[in-house]
Every structure is written in structure tokens, then in C-alpha cells.
Amino acid sequence: MQSSLQPKSPALVDGLHVGIIMDGNGRWATRKGMSRLRGHEAGVEAIRRVVEAAPDQGVGTLTLYAFSSDNWRRPRAEVTGLMALLRVYLASEVESLARNGVRLTVIGRRDRLPGGIADAIGRAEAATRSGRTLHLRIAVDYSARDAILDAAAKARGIEGLTRDAFSDLVTGEAGLRDVDLIIRTSGEQRLSDFLLWEGAYAELHFTQRMWPDFDADDLAQALASFRGRERRFGGLDAVPLAPAQSV
Ligand code: FPP
């Protein structure tokens, strides 16, 4: 079950929507002789850097893939560690997110999350709901195919269903901008069930950088590559970015 429909945030629709598959935490740590969990901890630092840098680089919506519905298959200790990191992140970050105008929403299933995390998510979303500088979406227990399936179940019986109305059901958000750019770190080149509906025309950027090393310069590089591309959306003419998006 996905979270319920969120209201539109008009001030944010001008910025780009960037999705990031934060990959490579485990390898980063193992190469340094550290535990995989230490890699995930370093990954949280990278999240902080990117959230801080994103608004100045013309990003209005940032969707981060923190835990896929398939990640439950990992060893119990790693899953427990990731959930603990999420709990700490929610508790420690909310105040600074709210202060910096960042609206946080969490996408994905909540009913399988351990002890109190679903409530902590609800509180964090409520505390940051007026943020208009950046919309930060964190995907937890997330599967794009399940999101589409859930939307199809909700859409059953709706007459004259449009793509836009269906998008609202998939994303849980009224009028969410389609994803412009999906970045995946660590050299892997696949989508792994991430934003399959809303990323239908997303540009893809793959970098060798391991997620714990990713910083504002890496984000700038990905966006520069994105801005240098011609987006035609199936037509013959390039569709220009609006001025607000080409910051
Ligand atoms: C992929 O690297 C990363 C994950 C499955 C977890 C991402 C989580 C974080 C960055 C931190 C937790 C998030 C929050 C919001 C608190 P991997 O472990 O698959 O790396 P590998 O491919 O090198 O093994």
C-alpha cells in the first residue's frame, strides 16, 4: 500500500526532478576494510551533501532510493542496520530540513517497517510539509512495479482515466513533475524497479563514483551532462528547458 495522496506544492514545480539510485555503499566500505553498515553510514553523509546542494543547482524535487522492496532479502543484520539509520535520520534531520525549507515525503510501503518508523515518517512529513525550497522524497520498501499495480487497483472503475490522473495515483502526489534525470552511482547500469512510470522519459546518468563519495560537484556534473542533451519526447524537435530549470 502506498502513502495517501499529498497536496501539490506549486512553488516547487519549476525545478528539475532528479532521482538517484545510491549504489556502492557496501563495496566502498569493503574496499576500506570496514563493515557494509559503515558504508551505509557514509551514504547518509552523502545524502546530507546532496540535499544541501540540490536547490542551488536547479533541482526542485529529489527522489532517493534508500531501500527497495527486494532489499528485505539482505542479511538480517544489514536490514536492521539500515532501518536503524533511517530511524536516526528521521529523528535527527527533521529540524534542519524544516529550517532549510525542505519538504520530506517517504514513498513506498509502510506496513512492513519495524517499530515506530511509520509513525516517525508521519511526524517528519507533518513537520516539513510547508517546505518550498526542495521536495525530498525518500523511497523506502519501494517497488515501482508495486506502485503501478496499487495505482491500477485504485483506478479500477474510474471513468475517463487520464495519464495525469493515473500519475497522481502512482506517485501519491497531485501533479508531481515527471522525473527528468535518474543518476546511478557505482558503475551499475540498471533501473532496479525505480520510478518506472514517472521516469518514462528520464535521461539516465551512470557514474563510477561510489555513493559515499558523491558530492555537490558530482551532482553538478550529472546536471551539466543532462543540460547538454536534446530531449525530444518522441518528437523531432528538441524541447527546451524553461529558464527556471536551466539555472
Ligand atoms: C546500495 O548500496 C545502497 C543501499 C541499498 C542503501 C542506501 C542507503 C543509504 C544511502 C543510507 C540509508 C538511508 C537513509 C535515508 C537513512 P549497496 O549496499 O548495494 O552497495 P554494493 O552494491 O556496493 O554492495
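Every number for a ligand or one of its atoms is a count from 1 in the order of the listing. Along the sequence shown, residues are numbered consecutively beginning with 1.
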Subject >> R229/S225 under side-chain hydrogen bond (donor to acceptor under 3.5 Å, both in side chains): CA gap, chis, key distance, verdict >> reply: CA-CA 7 Å; R229 299 184 198 182; S225 148; 3.1 Å; yes

Using atom types as modelled, flag every donor-acceptor pair under 3.5 Å from a side chain in residues 80-90 to any protein atom, sequence neighbours excluded.
residue : atom : partner : partner atom : Å
T80     : OG1  : R76     : O            : 2.8
R87     : NH2  : G115    : O            : 3.0

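- Among V106, I20, N71, the residue whose heavy atom lies nearest to atom 5 (C) of ligand 1 is N71.
- For the atom pair CG of L97 and CG of L134, the computed distance is 9.0 Å after rounding to the nearest 0.5 Å.
- Inspection of the D23 and T185 side chains reveals no N or O donor paired with an N or O acceptor under 3.5 Å.
- Atom 24 (O) of ligand 1 has R36 NH1, 2.9 Å as its closest protein atom, hydrogens excluded (heavy atom only).
- The closest protein non-hydrogen atom to atom 15 (C) of ligand 1 is I47 CD1, 3.8 Å.
- Taking atom 19 (O) of ligand 1 as the reference point, the nearest protein heavy-atom neighbour is R74 NH2, 2.8 Å.
- Remark: ligand 1 atoms within the under-4.0 Å shell around heavy atoms of M22 are 1 (C), 2 (O), 3 (C), 10 (C).
- Side chain to side chain, R137 and T171 fail the donor-acceptor criterion of an N or O pair below 3.5 Å.
- With a 4.0 Å cut-off on non-hydrogen atoms, E188 does not touch ligand 1 at all.
- Atom numbering of ligand 1 starts at 1 in the shown order; those under 4.0 Å from a heavy atom of V44 are 11 (C), 16 (C).
- Here the protein heavy atom with the shortest distance to atom 20 (O) of ligand 1 is G26 N, 3.1 Å.
- Other members of a hydrophobic cluster containing V94 are absent, since no ILVMFWY side chain comes under 4.5 Å of it, directly or through relayed contacts.
- By the criterion of a heavy-atom distance under 4.0 Å, neither the backbone nor the side chain of E41 is placed next to ligand 1.
- Remark: aromatic rings of Y142 and F67 are distant, center separation not under 6.0 Å.
- At under 3.5 Å, not a single nitrogen or oxygen of W28, backbone or side chain, sits near a nitrogen or oxygen of ligand 1.
- Which parts of ligand 1 touch L85 is read off a 4.0 Å heavy-atom cut-off, strictly below it: atoms 16 (C).
- Scanning all protein heavy atoms for the shortest distance to atom 21 (P) of ligand 1 gives R27 NE, 3.5 Å.
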Original post:
Step by step, would you call S143 with R109 a side-chain hydrogen bond (donor to acceptor under 3.5 Å, both in side chains)?
Top reply: CA-CA 9 Å; S143 152; R109 286 180 66 158; over 6 Å; no

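- In this model, a donor atom of one side chain and an acceptor atom of the other lie less than 3.5 Å apart for S186 and R27.
- Near Y89, the atoms of ligand 1 lying under 4.0 angstrom from a non-hydrogen atom of the residue are 16 (C).
- Ligand 1 has no nitrogen or oxygen under 3.5 angstrom from a nitrogen or oxygen of L82.
- Every heavy atom of S186 sits 4.0 Å or more from the atoms of ligand 1.
- Residue A66 approaches ligand 1 through these ligand atoms, each under 4.0 Å from one of its heavy atoms: 6 (C), 7 (C), 8 (C), 13 (C).
- Remark: minimum distance from atom 10 (C) of ligand 1 to any protein heavy atom is reached at N25 ND2, 3.4 Å.
- Those atoms of ligand 1 with a heavy atom of L86 less than 4.0 angstrom away are 16 (C).
- Atom CD of Q189 and atom CG of L204 lie 9.5 Å apart (nearest 0.5 Å).
- With 3.5 Å as the limit, one finds a donor-acceptor pair spanning the side chains of N25 and H40.
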